[in-house]
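First comes the structure, then the notes that go with it.
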Amino acid sequence: MRKKIVAGNWKMNNNLSETIALIEEIKQIIQPDNKVEVIIAPPFTNLNKAVELLKNFPVTVAAQNMHYADKGAYTGEISADMLLSIGVQTVILGHSERRIYYNETDQSLKEKALQAYKKNMTNIFCVGEKLSDRQAEKHFEIVENQLKNALFQLPVQAYKKIVIAYEPVWAIGTGETASPEQAQEMHAHIRQILAKKYGQDLARNVRILYGGSVKPANAGEIFAQPDVDGGLIGGASLNANDFNAIIEAAKS
Ligand code: PGA
């Protein structure tokens with residue numbers, strides 16, 4: 001049985017005081033239980049505070065990115081050890097905004113995924129096609145290549161700490177969601193790709209999240225799909241009530 005995950009990707013939102021306020025609200029509203037794992041990914045500047053505020057509360061803190069090198073002359077970058085040293089053990093890698101605006105490539109993501117594995121961090125690895133890819137009916141191929149190019153270097157045991165997030169680029173922040181059928185179809189495809197490379201057992205156990213305009217109103221039908229194991233939530237994770245409603249949808 002795969003435990004569901006609801007992860008909030010705050011992106012470049014919330015300064016320190018807003019972060020404190022939102023986490024306090026989350027702690028008031030969210031009813032943790034063992035049916036769903038909850039993660040939030042605030043910006044780097046607020047990770048330390050988030051970890052401190054969530055010390056005795058079952059919500060995990062994740063980073064939105066990290067560098068592949070251990071340390072060195074990489075101005076503006078953050079390493080795995082820096083994250084680990086403040087208690088952050090989870091990182092989102094390959095988000096489409098990073099691929100598009102910051103030229104993250106399969107090659108750099110391959111190195112980042114390897115670093116996350118070496119450092120024993122949980123890697124929420126994002127894949128997803130652009131609208132033009134879907135219109136050209138290349139979406140299955142694109143997602144397959146993203147997975148192969150960045151993750152297939154890794155051994156079976158690495159997948160204990162890998163969560164895949166399918167996020168069609170055309171559905172992110174647009175209000176446009178993949179239909180539950182489109183999400184299910186791609187998630188099943190991802191499982192098949194994993195099964196071919198690593199075997200059925202691994203494919204059955206990896207959690208695959210859907211992301212892209214998930215809201216309280218559509219979360220239930222998306223999460224009800226057999227291969228959807230929860231969601232990576234952008235906009236709606238910035239509102240404690242909406243985030244909670246999505247978490248509740250993942251419980252049922
Ligand atoms: P959205 O973002 O929910 O605002 O569409 C999802 C994401 O980018 O992870």
Side-chain angles (χ1 to χ4, degrees), residues 4-14 18-19 22 26 30 36-44 46-47 50 59-66 88 90-104 109 112-113 116 122-131 133-134 139 142-143 146-147 150 162-180 182-184 186-187 190 207-223 225 228-250:
K4 288 218 167 38
I5 297 177
V6 173
N9 175 12
W10 288 13
K11 308 190 180 185
M12 197 175 73
N13 291 292
N14 291 335
E18 290 161 343
T19 295
L22 182 51
I26 284 173
I30 289 177
V36 51
E37 220 174 293
V38 180
I39 299 172
I40 58 166
F44 284 131
N46 303 327
L47 290 175
V59 169
T60 304
V61 177
Q64 299 172 17
N65 178 35
M66 72 176 192
V88 173
T90 302
V91 63
I92 299 171
L93 292 178
H95 190 279
S96 62
E97 286 151 16
R98 299 224 44 98
R99 291 178 190 258
I100 295 166
Y101 304 140
Y102 306 103
N103 301 319
E104 293 240 18
L109 290 168
K112 289 182 179 197
T122 298
N123 167 6
I124 302 178
F125 190 79
C126 305
V127 295
E129 81 285 358
K130 296 185 185 143
L131 184 59
D133 302 325
R134 184 163 277 268
H139 45 297
I142 295 281
V143 167
Q146 289 171 336
L147 287 172
I162 291 175
V163 174
I164 292 166
Y166 169 56
E167 301 205 307
V169 178
W170 47 272
I172 295 179
T174 57
E176 183 107 16
T177 334
S179 67
Q182 284 171 321
Q184 168 55 27
M186 184 60 86
H187 285 224
I190 292 171
R207 286 174 293 177
I208 307 175
L209 312 183
Y210 169 80
S213 299
V214 177
K215 307 281 177 230
N218 60 23
E221 54 176 8
I222 295 171
F223 296 167
Q225 300 300 311
V228 177
D229 304 313
L232 182 53
I233 321 299
S237 73
L238 298 172
N239 177 294
N241 286 311
D242 287 352
F243 193 48
N244 183 51
I246 293 169
I247 292 164
E248 287 301 313

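All values below come from the heavy atoms of this structure, side chains included, with hydrogens, waters and symmetry mates left out. Indexing begins at 1, ligand by ligand and atom by atom, following the structure's order. All residue numbers refer to positions in the sequence shown, counting from 1.
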> Does a donor on one side chain and an acceptor on the other come within less than 3.5 Å for T177 and N218?
Replying inline: yes
Is the closest heavy-atom distance from [X] to ligand 1 below 4.0 Å?
X	answer
G212	yes
C126	no
K215	no
S213	yes

> Are any of the N or O atoms of K11 closer than 3.5 Å to those of ligand 1?
Replying inline: yes
Which of the atoms of ligand 1 are close to [X], meaning less than 4.0 Å from one of its heavy atoms?
X	result
H95	7 (C), 8 (O), 9 (O)
G235	1 (P), 3 (O), 4 (O)
A171	5 (O)
G173	1 (P), 4 (O), 5 (O)
N9	9 (O)

>> So that I can tick it off, tell me whether R134 and E129 are bridged by a salt bridge, with the cut-off set at under 4.0 angstrom between side-chain N and carboxylate O.
In response: yes
>> Measuring only between side-chain heavy atoms, which start at C-beta, is V127 closer than 4.5 Å to E167?
In response: no
> Can you tell me how far CD1 of I124 sits from CD1 of I92, rounded to the nearest 0.5 angstrom?
Replying inline: 5.0 Å
> When you measure from atom 7 (C) of ligand 1 to every protein heavy atom, which one gives the shortest distance, and what is it?
Replying inline: E167 OE2, 3.2 Å
> How far is atom 3 (O) of ligand 1 from its nearest protein heavy atom, and which residue and atom is that?
Replying inline: G234 N, 2.9 Å
>> Is it the case that atom NZ in K130 sees more than 12 heavy atoms from other parts of the structure closer than 6.0 Å?
In response: no
> Is a side-chain N or O of Q64 found less than 3.5 angstrom from the main chain of F44, in a donor-acceptor match?
Replying inline: no
>> I'd like to know if the side chain of D229 reaches the main chain of K4, judged simply by a donor and an acceptor atom lying under 3.5 Å from each other, with no hydrogens or angles considered.
In response: no
> Between H187 and Y210, how do the two ring planes meet: parallel, tilted or perpendicular, split at 30° and 60°?
Replying inline: tilted
